[in-house]
Amino acid sequence: MKDTIKKLSLIAIVICNISCVEDFQFDVPSDGRGIVVEGYISNLSFQDQLAYPKDPQIFELSLRHISDVTNVRDEPVLGAQIELYGSSGEVYDYAEIGEGRYGLFYGNVKAIPGLEYQIVITLEDGTMIESEMVGLPESSPVGELYVEEAKKSVYEYRREELIISEKDGINLKIKTTPNNSGTPYYYKWDFYTTFIKTAFLASNNSPFRYCWTSSIYYYKDYKLLEDIKGDAPSNMLFLETDNSHLNEGFSVLIRQMKMSKGYYQFMKDLQVQGDQSELFAKPPFNLVSNLHSEDIDVFGYFGVVSEDYKRWYFDKDEVSNYGGYKEGCVFEDVPPPYPASCFNCLEYSYDGPVSNQAPSWWDARYSPR
């Protein structure tokens, strides 16, 4: 009974969170339809993540049909049975969440060093899909983060004329941990942004003046690195400092995944495909995969990764090129009525949740004063 209550509690929490499953497109090299499988497990369980400055998430697996007609994953796979097998004999069942998403609703499930893991998927029609057995890479903490002031060329069209301008900003950089193993470490970093939005026409003491909102799309790209010796400086992201999102509070959660060479190559192939324009794209090619089926084409990868997180806050006092405060809502050339978000920050619309309560992990030093 206690286990059931724990699972239901996790379901209630996780459904409110944004899925950590990636959003990929795939080229289909054969006729008919295939299945895309996306997901991973790591060394950090749901319970472990409670100690990090983030909202905890369960491990998810996503299943979707893909067609060579549309070349877009547009149909979730429903009713599948998915099991996670460990090399020491443990078995865990994924529960269906909906829309092709399946989750491991166990608070303490995580990958253990020295063990290997495999997923076995059974579709409603009996089709079987299996992954290879995959082990956990040695863990490494997120390295030192630091910023360097920089400029970036920005290309945009104005009245059908190409304008090139220089934007002030900062490069957020990382220095990886030492690597004395004699073999490369394979890293992936991605970024989840949270910032404070202001309802400028609300009173200073209104509970609806400041809201926290998050976005998985603020930085869409991920960074990859094959690190041979460690202590390698690497650019994470560029942030324009003439940016109204920096006015009251801006933070980025950096997720670091240390992965196998195969998973790294899969991610790199996806990145190469995503970087190509339609005009100059290379012909479709098969991606590395560790999944197979006797009955259907399978794409994607099941990863086992060493995961770590670090949260970074923008501090305007640490840079000299901060663009300054920009007030919104009231403009000389825009008459009222003004949008509802000018009076109530909860009316602000973005791609993530909006709340007028600071997240439990938010550092109060970076709240509005």
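- Between Glu116 and Ser87, the side chains place no donor N or O within less than 3.5 Å of an acceptor N or O (distance only, hydrogens not considered).
- At distances below 3.5 Å, at least one donor-acceptor pair connects side-chain atoms of Thr213 with backbone N or O atoms of Pro353.
- One N or O on the side chain of Arg311 and one on the backbone of Pro53 form a donor-acceptor pair closer than 3.5 Å.
- By the neighbour-count criterion of 12 heavy atoms within 6.0 Å, atom CD of Gln81 is sparsely surrounded, having that number or fewer from other residues, nucleotides or ligands.
- A donor-acceptor contact shorter than 3.5 Å is absent between the side chain of Tyr40 and the backbone of Phe59.
- Judged by distance alone, with hydrogens and angles left aside, the side-chain atoms of Ser251 form no donor-acceptor pair with the main-chain N or O of Thr194 at under 3.5 Å.
- Annotation: the span from Met236 atom CE to Asp221 atom CG amounts to 12.0 Å, rounded to 0.5 Å.
- A 6.0 Å sphere centred on NZ of Lys316 holds more than 12 heavy atoms belonging to other residues, nucleotides or ligands.
- In this structure, Thr177 contributes its side chain and Gly143 its backbone to no donor-acceptor pair below 3.5 Å.
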Which is it for Glu148 and Lys173 under the salt bridge (charged side-chain N to carboxylate O under 4.0 Å, His left out) test, yes or no, and what are the steps along the way?
CA-CA 8 Å; Glu148 289 182 352; Lys173 310 189 77 169; 3.5 Å; yes
Determine, step by step, whether Asp190 and Lys188 satisfy the salt bridge (charged side-chain N to carboxylate O under 4.0 Å, His left out) criterion, reporting the C-alpha distance in whole Å, the side-chain angles of both residues, the deciding distance to 0.1 Å, and the verdict.
CA-CA 7 Å; Asp190 53 25; Lys188 172 180 179 274; 3.0 Å; yes
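- Relative ring orientation between Phe266 and Tyr301 is described as tilted, the plane-to-plane angle lying within the 30° to 60° band.
- The aromatic rings of Tyr187 and Tyr185 stand perpendicular to each other, their planes meeting at an angle above 60°, with 30° marking the opposite boundary.
- The closest side-chain donor-acceptor pair between Glu130 and Ser293, if any, does not fall under 3.5 angstrom.
- Separation of the His245 and Phe314 ring centroids does not fall under the 6.0 Å cut-off.
- In the model, Ser139 has no side-chain atom that pairs as donor or acceptor with a side-chain atom of Asn43 under 3.5 Å.
- Counted by atom type alone, Glu90 and Ser88 present one or more donor-acceptor pairs between their side chains at under 3.5 Å.
- When only modelled atom types and interatomic distance are considered, Tyr85 and Glu83 share a side-chain donor-acceptor pair under 3.5 Å.
- Taking the centre of each ring, Tyr102 and Tyr94 stay at or above the 6.0 Å mark.
- Considering only residues two or more places apart in sequence or on other chains, Asn180 meets the side chain to side chain donor-acceptor pair (under 3.5 Å) condition with none of them.
- A side-chain donor from one of Ser367 and Trp362 sits under 3.5 Å from a side-chain acceptor of the other.
- In this structure, Lys152 contributes its side chain and Glu166 its backbone to no donor-acceptor pair below 3.5 Å.
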Given Glu60 and Arg101, is the salt bridge (charged side-chain N to carboxylate O under 4.0 Å, His left out) satisfied, shown in steps?
CA-CA 7 Å; Glu60 285 193 25; Arg101 294 167 55 203; 2.8 Å; yes
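- Residues Tyr218 and Phe250 bring their aromatic ring centres within 6.0 Å.
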Start with the C-alpha gap between Lys151 and Asp168, add the side-chain angles, then the distance that decides, and say whether salt bridge (charged side-chain N to carboxylate O under 4.0 Å, His left out) holds.
CA-CA 5 Å; Lys151 292 182 180 291; Asp168 286 327; 2.5 Å; yes
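- The two residues Ser214 and Tyr192 come nearest to each other via the heavy atoms CB-OH, 3.3 Å.
- Annotation: Tyr106 is in aromatic contact with Tyr92 [ring centroid separation under 6.0 Å].
- Counting non-hydrogen atoms of neighbouring residues, nucleotides and ligands closer than 6.0 angstrom, the CD atom of Glu99 reaches no more than 12 such neighbours.
- Although no hydrogens or angles enter the test, the distance criterion places a donor-acceptor pair under 3.5 Å between the side chain of Asp363 and the main chain of Arg365.
- Checked by atom type and distance alone, the side chain of Asn290 never pairs as donor or acceptor with a backbone atom of Glu132 at under 3.5 Å.
- Remark: side-chain polar atoms of Asn247 are paired, donor with acceptor, to backbone N or O of Ser244 under 3.5 angstrom.
- Under a 3.5 Å cut-off, the side chain of Gln256 and the backbone N or O of Trp189 do not form any donor-acceptor pair.
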